Every structure is written in C-alpha cells, then in structure tokens.
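What follows is a set of notes on a single structure, which appears directly below.
Lettering of chains follows the sequences in order, A, B, ..., and the numbering in each one begins at 1. Remember, predicted model here, so these are calculated numbers, not experimental data.
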Amino acid sequence: MLYFYNTLTRKKEFFNPIKAGFVSLYTCGPTVYDEAHIGNFRTFMFEDLLKRVLILSGLDVKHVMNITDVDDKTIKRASEQNKSLRELTEDYTQRFYNDLDWLKIIPADEYPLATLHVDGMILMIRTLLEKGHAYKEDDGSVYFKVDSFQDYGQLSNLVFEEQLTTSRIISDEYSKETAQDFALWKGWKPEDGEVYWDAPWGKGRPGWHIECSSMSVEYLGEHFDIHCGGVDNMFPHHENEIAQSQCSSGKPFVNTWLHSEHLMVEGGKMSKSEGNFYTINELKSQGFTPENIRYQLLSGHYRTKINFSLAKKQEGEKVIRRLGDFKVRLMAELNQDSQSEDLPAEYKIFKEKLFIDLDTPNALAVFFEYMRKMNTKIDSGLINIDEIVSALLFVEKFDYIFGIIPNDDITPDEIKTLAKKREAARIEKDWALADEIRSNIDSLGWEIKDTPSGTKLSKK
RNA sequence: GGCGUCGUACCCAAGCGGUCUAAGGGGCCGGUUUGCAAAACCGUUAUUCGCCGGUUCGAAUCCGGCCGACGCCUCCA
C-alpha cells in the first residue's frame, strides 16, 4: 500500500498504477551546460529513493530521465568556450553520469537527449498549431496560447490576472500575445550559429518545456503514472508540460506529481545564479564519501528544506561507521547454517514508513532502534542463528533503500600485515609493542579495534 | 501585491487533537564492559514545542494576530 503526496491535489493519495504491477516514471534531468551541484542531486537522490521504494514494493519501474542538451545556456556556454554544442554537452553529460554512479544512484532506463528527439517535438507543435492552441510569430517562433487551456495554473495554484508583472517578464525579449504565453519553438537568431533545426514554420530550436512533453509520450505514452522534479519546476516547467501534453493528446497526462524541496546552503537556496553551490567534485575533495552525502540528503524528508552543512559531515561519519560495524558484527556471528528467510517484525514497520510518502526519517529511526536491540542481544550472548540471519536480511533491505553502508574490505595488505604482528604481540602480552604497532597503523590513517569477535580495521 | 512552506533540546530531525511528563540520530557528561583504546550497552541532557490570544474536557498539533526564516509568481533540481 503506497501513498504519495500528489502536488496536483495537495493530498497524500493511495498510489494506484495505470497498469497493474508496472510504474511509468518520468523525472526531469539536468541541463548539461555545467557540472550539476549538490542541490540538483538532492532531487535526483529523491527520485532514486522513490524508484527504490517502488521496486521494494514489488512494482516494475520504467524510468526515463531527459538530458537537456540544447537551450539558451548551453548555446551561450558553448560559444563562450569556442566549442560545438555537441562537444560541450557530451562532456557535461558524461560528468553527470559519473556523478550519479559515484552517488550510487540507480541509472534510469532511458536518458533521451533533446537534440535527438526534435522531430517528435515538431510533430507535437504542429498538432498544437492545428488545434488552435499555438500561434506563430513573425520571427519564426511559435508560442503556446495559455488562454486556450482552461486548467492552466492547476499544478502551481497560480492565478494569473493577479500576478505582479516582474522585471523578468518585462524584459522578455520575445514578442507574444500575452505575458504568460511560452515558447514552443524559438526562431533562429544569429547568435544561435549552427544550432537550428528545420520546421515547417521556419528554422529554429525547440523551447524547453516541449522536450519533456514530447519525449515522455514517446517513451511512456500519453498518459503515465508519475512525474517528478524539484519544486522550482512546478512553475513554469511542469505547468507548461501539462498544458502542451493535454492539449495535444486530449487525454490526461500524469496521475501523480511529486516535487522535492530545495537544498539550502547557509540558509539560502543553492543556485548557480547565486554562486553558492557545491559540486560533487568539490565535496569529494572535502572528504565526503557517497554514503555521507546520501545520509545527509536522505535523513530529512524530501518535502522539507534541508540545509547542507559541513558540520553534519561528522554526524554522518559516525552513523555510517555504526551501521558498517553492525553489519560486520552480524557477519562475525554467522557461524552456523540456517534456512531462515524471515525478516524481523521491524522490517514491516520500516517498509510502512517508506510506503507512506517516503518517510525516510522515521524509517531510519525504526532501523536504529532495531539495531540497538540486536546489539544488546549480541552483547548478552542470547542470540540465535535465525535472528542473525534475519538481521542480515534486514540490513540488506535497509541498505537497498539508503545505500549508506560502505562496501566491504578495502584494507591494504600493508595494514593487514601490521595488524597480524600486533595480534601476535597481544598474544605474548607484549602491550608496549602492541600499542606501538597500533599507533603506527593509526598514523597510516587506519583505526584498529579489539572486539569480542576479533580485531577489526577501519579507515579513519 | 498574490500564492505557499517553515520556526520542536547544544546541533540535525520526527510529530498532523488524547497513547507527548515529545521518536530517532549526533554531541556532552556519568556508568557497565575491556590489557589499554575503541566499539557495544545503560543512564543523563525539552514538564516543553518562536511569541500572544482563542476554540476544546483536552493543542506542539486547530483558528487569529505578531515576530523571524525561506520559496514560487516565466533562468532555476
């Protein structure tokens, strides 16, 4: 039983896929004119979480994420750097994939590039023109006629007559009938250089919103289950997608819209135009691990603003170490065979938390309490093999969702050899030598712990 | 100006009218355990939920006002 907060209705709703057992999921991807920042990845991480929870619940997911590889910014950046549009966007797209991989985000099934799907967009624009939802301007641009779609504003809950005319609207360089009309097609201008496609109404390039409408239809059909993005995409991007898609197909577009809140940095929104952002590479060089970033991003609920902070890094390190130690401890107790495949009762509660609008903070709390309970049992020696096995199964499920338990043995041989020498010294009760070796290991960046189940090494 | 979110311990963060003398995590301090250290475990850290009123038998939770932070109103995850 899955429930999600649907932006369209502003309520938590029971999730019922269009086709039983299958979910069609579209998530707005990056504009590849620069490296993505941690704020962007908050959204991609949330979408990954959503996908993992859908899969955990037993559904098959088809996930499509677009890559915006043509727009004002990409064209501008390419020309500044004296590169072709293709060179620039391929580079940043690759970096984006690398960052996703590093963060342990499950890849989408499809990453359609806007530039390879212009034909579909032209078709959709033609339909909109034919149906009277769009009009051409003298410069070769085509605009969507917002007045022609009665439900415009339903997602973002905006009433346009009352809107303040902001400087951005006033300075809008395109001519159109009414301020809120938006571009489906942008007529070619000299600064676009080589970047243009031929359309029946003249050469130019697609507007931003049309790519998602067109590509989602192509990969998921006219009517699909879930569409998500950051809150800032609610308006205008998603609002415009709804308008385009519903007017062209005459059918409902998306059943469930999910939006993640912004990531803040020093109390303000992280954004490229403000210049206050961290890229993944910057965080890497600050010593962040993927697990630590995942912990920071997943320990708050996706619909609340969270502040990304270096201060929370220590907290993350501690939590990750505890979880890793717990897993190692369970493995060490795994000394007999067991046929048990049962998960502990707490797993059911854990799942229920996640199934109600991705409640990661409470799911974490459930797991931590369980972990404490199990540690106590192991301490007391009153644990049986079935409990160990089911705990390990729970750990596996837990980490499938959170992905914050680091991968196993990465200890270099040099350190292992030292640890063995120290073990020998300890058996001889040569504490001085044992301590000397320990401090030696310490200075090499590794920590040694003597536990009831043996000596353990971990990276500091 | 319009729409909207948030303000809970030293820090992060649940809570959505009674089970709240408020979960979970980090930190601090004290303890058990241990060759020492670490880990693990136990205890301690909010009679109180930005402030002021109201509704109610009952409010962190609902309503009103105020203060403060933040977001959207066509670049934006």
Sugar-phosphate only, base, or nothing, as touched by A:D71 at under 4.0 Å among non-hydrogen atoms: nothing

NZ (A:K104) with more than 12 external heavy atoms under 6.0 Å: yes

Rounded distance (nearest 0.5 Å) linking atom OH of A:Y26 with atom CE of A:M215: 4.0 Å

Polar pair under 3.5 Å, donor/acceptor by atom type, side chain A:R372, base B:C41: no

Centroid separation A:F350 to A:F394 less than 6.0 Å: yes

Salt bridge present between A:D435 and A:R438 (N-O < 4.0 angstrom): yes

Base-pairing mate for B:A69 - Watson-Crick or G-U, with both contacts under 3.5 Å: B:U5

Atom pair distance, as rounded to whole Å: CD1 in A:I349 and P in B:G24: 14 Å

Under-3.5 Å donor-acceptor pair between A:R321 side chain and B:A39 base: no

Donor-acceptor pair under 3.5 Å, A:R322 side chain vs B:G25 base: no

Interatomic distance where CH2 belongs to A:W446 and C1' belongs to B:A37 [whole Å]: 19 Å

Between C1' of B:A77 and NE2 of A:H227, the distance in whole Å: 12 Å

Separation of B:C36 P from A:R438 CZ (nearest whole Å): 10 Å

Residue A:A365, side-chain heavy atoms: nucleotide from B:C36, B:A23, B:C3 that is nearest: B:A23

Rounded distance (Å) that lies between atom C1' of B:G15 and atom CG of A:N362: 8 Å

Stepwise side chain to side chain contact (heavy atoms under 4.5 Å, CB included) check, A:T27 with A:K51: CA-CA 11 Å; A:T27 63; A:K51 181 159 82 179; over 6 Å; no

Phosphate contact (B:C41 OP1 or OP2) by A:N375 side-chain N/O below 4.0 Å: yes

Nearest to side-chain heavy atoms of A:H262, which nucleotide of B:G24, B:G71, B:A13: B:G71

Separation of B:A77 C1' from A:N40 CG (nearest whole Å): 5 Å

Presence of A:K318 side-chain N/O under 4.0 Å of B:G27 phosphate oxygens OP1/OP2: yes

Interatomic distance, A:D357 CG vs B:A14 P [rounded to whole Å]: 12 Å

Nearest-neighbour nucleotide for the A:K312 side chain, B:C70, B:C12, B:A40 considered: B:C12

Distance-only donor-acceptor test (3.5 Å): side chain A:D232, base B:G71: no

B:G25 base / A:E315 side chain donor-acceptor hit below 3.5 Å: yes

